[in-house]
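Computed over heavy atoms, backbone and side chain alike; hydrogens, waters and symmetry mates excluded. All values reported here derive from a predicted model rather than from experimental measurement. Ligands are counted one by one from 1 in listed order, and the atoms in each one are counted from 1 as well.
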Amino acid sequence: MRPTDLVNDVADVLFTREQIAQKVAELGAQLSHDYAGRPLTLVSVLKGSLPFMADLMRSITIPVQIDLMEVSSYGGAVTETSGLVRILKDLSSSIEGKDVLIVEDIIDTGLTLNYLLRYLRGKNPRNISICALLDKPARRLVEIDIAYRGFEIPDRFVVGYGLDYAEFYRNLPFIGVLKPEVYSGD
Ligand code: IMP
């Protein structure tokens with residue numbers, strides 16, 4: 001197996017650390033305005049959303065509670081999602097009657113979020129909205145209403161700022177595209 005090289009494996013930087021910070025600040029300001037006076041619970045989906053959640057919650061200026069879920073999709077290649085979702089970590093607290101915002105790193109086919117939405121709606125929140133840092137609409141298989149969206153991206157597999165390829169590259173502070181040779185053998 002080819003060793004991971006954080007610096008040389010990246011072909012293009014799509015969004016710099018500064019561009020991400022600016023976008024997260026805008027989203028935080030919008031959310032603080034829209035949810036003022038409402039009991040907002042941020043639900044983040046590990047592991048990819050970890051940096052986004054950490055930055056977004058600190059750019060929100062109204063009181064929020066947070067909760068974390070972890071899901072993984074069954075089967076498929078490393079760069080594909082299958083739509084079958086397994087819950088590895090469930091919510092810690094009840095969301096009944098609460099305003100919930102799902103904080104997601106990326107929406108690709110939409111299958112993961114579609115499953116999660118149905119699951120969380122079953123817990124009777126007051127309402128659920130979605131905040132996604134990245135939206136890859138070219139590959140969407142189910143319609144998803146993204147109330148808060150960071151960036152729309154083309155159909156490219158991206159890494160960094162929480163997003164992985166084979167569990168690596170999550171710690172890159174920017175979002176980029178890997179060189180094709182990194183995928184060879186996948
Ligand atoms: P979906 O179910 O196809 O919308 O995929 C959602 C999940 O697939 C995301 O939460 C990511 O974990 C992963 N994913 C989709 N596209 C990418 C990508 O370009 N880079 C890294 N992970 C991705």
Side-chain angles (χ1 to χ4, degrees), residues 2 4-6 9-17 19-20 23-24 27 42-56 66-91 100-121 128-186:
R2 200 178 172 285
T4 297
D5 182 332
L6 281 187
D9 288 354
V10 176
D12 285 315
V13 174
L14 287 189
F15 304 109
T16 63
R17 181 180 211 147
Q19 287 172 312
I20 297 169
K23 186 60 77 176
V24 172
L27 289 169
L42 304 176
V43 173
S44 155
V45 189
L46 296 171
K47 303 170 205 161
S49 305
L50 186 63
F52 181 40
M53 176 72 154
D55 288 341
L56 184 68
I66 68 163
D67 211 333
L68 304 168
M69 288 189 70
E70 183 170 3
V71 301
S72 81
S73 31
Y74 286 106
V78 188
T79 56
E80 300 286 331
T81 27
S82 62
L84 288 169
V85 176
R86 187 161 48 124
I87 294 179
L88 302 176
K89 188 212 166 297
D90 206 340
L91 296 174
V100 173
L101 185 75
I102 303 181
V103 177
E104 258 286 27
D105 49 0
I106 185 166
I107 303 179
D108 185 19
T109 63
L111 293 172
T112 306
L113 206 52
N114 192 47
Y115 173 89
L116 213 58
L117 273 172
R118 272 187 286 133
Y119 178 76
L120 292 175
R121 283 197 181 113
I128 302 191
S129 295
I130 293 163
C131 177
L133 181 64
L134 302 176
D135 178 17
K136 210 195 275 183
R139 284 171 35 97
R140 196 63 37 81
L141 294 177
V142 283
E143 199 181 318
I144 301 271
D145 178 19
I146 309 172
Y148 302 91
R149 172 186 12 212
F151 303 101
E152 186 172 313
I153 61 167
D155 184 9
R156 300 181 75 184
F157 191 81
V158 292
V159 296
Y161 197 66
L163 292 155
D164 75 303
Y165 170 68
E167 292 296 330
F168 284 107
Y169 309 101
R170 293 191 195 274
N171 57 322
L172 289 173
F174 55 82
I175 294 170
V177 177
L178 295 176
K179 292 178 180 167
E181 57 264 35
V182 179
Y183 300 108
S184 56
D186 177 16

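Heavy-atom proximity to atom 13 (C) of ligand 1, evaluated over D108, V142, I106, is greatest for I106.
Contact annotation: G48 has no heavy atom less than 4.0 Å from any atom of ligand 1. Residue V159 places no heavy atom under 4.0 Å from ligand 1. Remark: distances from the non-hydrogen atoms of E104 to ligand 1 include one below 4.0 Å.
Rounded to the nearest 0.5 Å, atoms CG (L120) and CD1 (I102) are 5.0 Å apart. The NZ atom of K23 sits 9.0 Å away from atom CG of L133, with the distance rounded to the nearest 0.5 Å. Distance check, rounded to the nearest 0.5 Å: CD1 of I175 to OH of Y161 gives 7.5 Å.
Where the criterion is an N or O separation shorter than 3.5 Å, residue side chain and backbone included, V158 meets it with respect to ligand 1. Geometrically, ligand 1 and L163 share no nitrogen or oxygen pair separated by less than 3.5 Å.
Ring geometry for Y165 against Y183 counts as perpendicular: the plane angle is over 60°, on a 0 to 90° scale with 30° as the lower cut.
Between R170 and E167 a salt bridge is recorded (basic side-chain N to carboxylate O distance below 4.0 Å). A salt bridge links R156 with D12: the distance from a Lys NZ or Arg NE/NH1/NH2 to an Asp or Glu carboxylate oxygen falls below 4.0 Å.
With a 4.5 Å cut-off on side-chain heavy atoms, V45 and T112 do not count as touching.
Atoms of ligand 1 found under 4.0 Å from any heavy atom of K136, numbered from 1 in the order shown, are 16 (N), 17 (C), 18 (C), 19 (O). Atom numbering of ligand 1 starts at 1 in the shown order; those under 4.0 Å from a heavy atom of T112 are 1 (P), 2 (O), 5 (O), 6 (C). Interface of D164 with ligand 1, defined as ligand atoms under 4.0 Å from a residue heavy atom, comprises 21 (C). Of all atoms in ligand 1, listed by their number and element, those nearer than 4.0 Å to a heavy atom of R156 are 19 (O).
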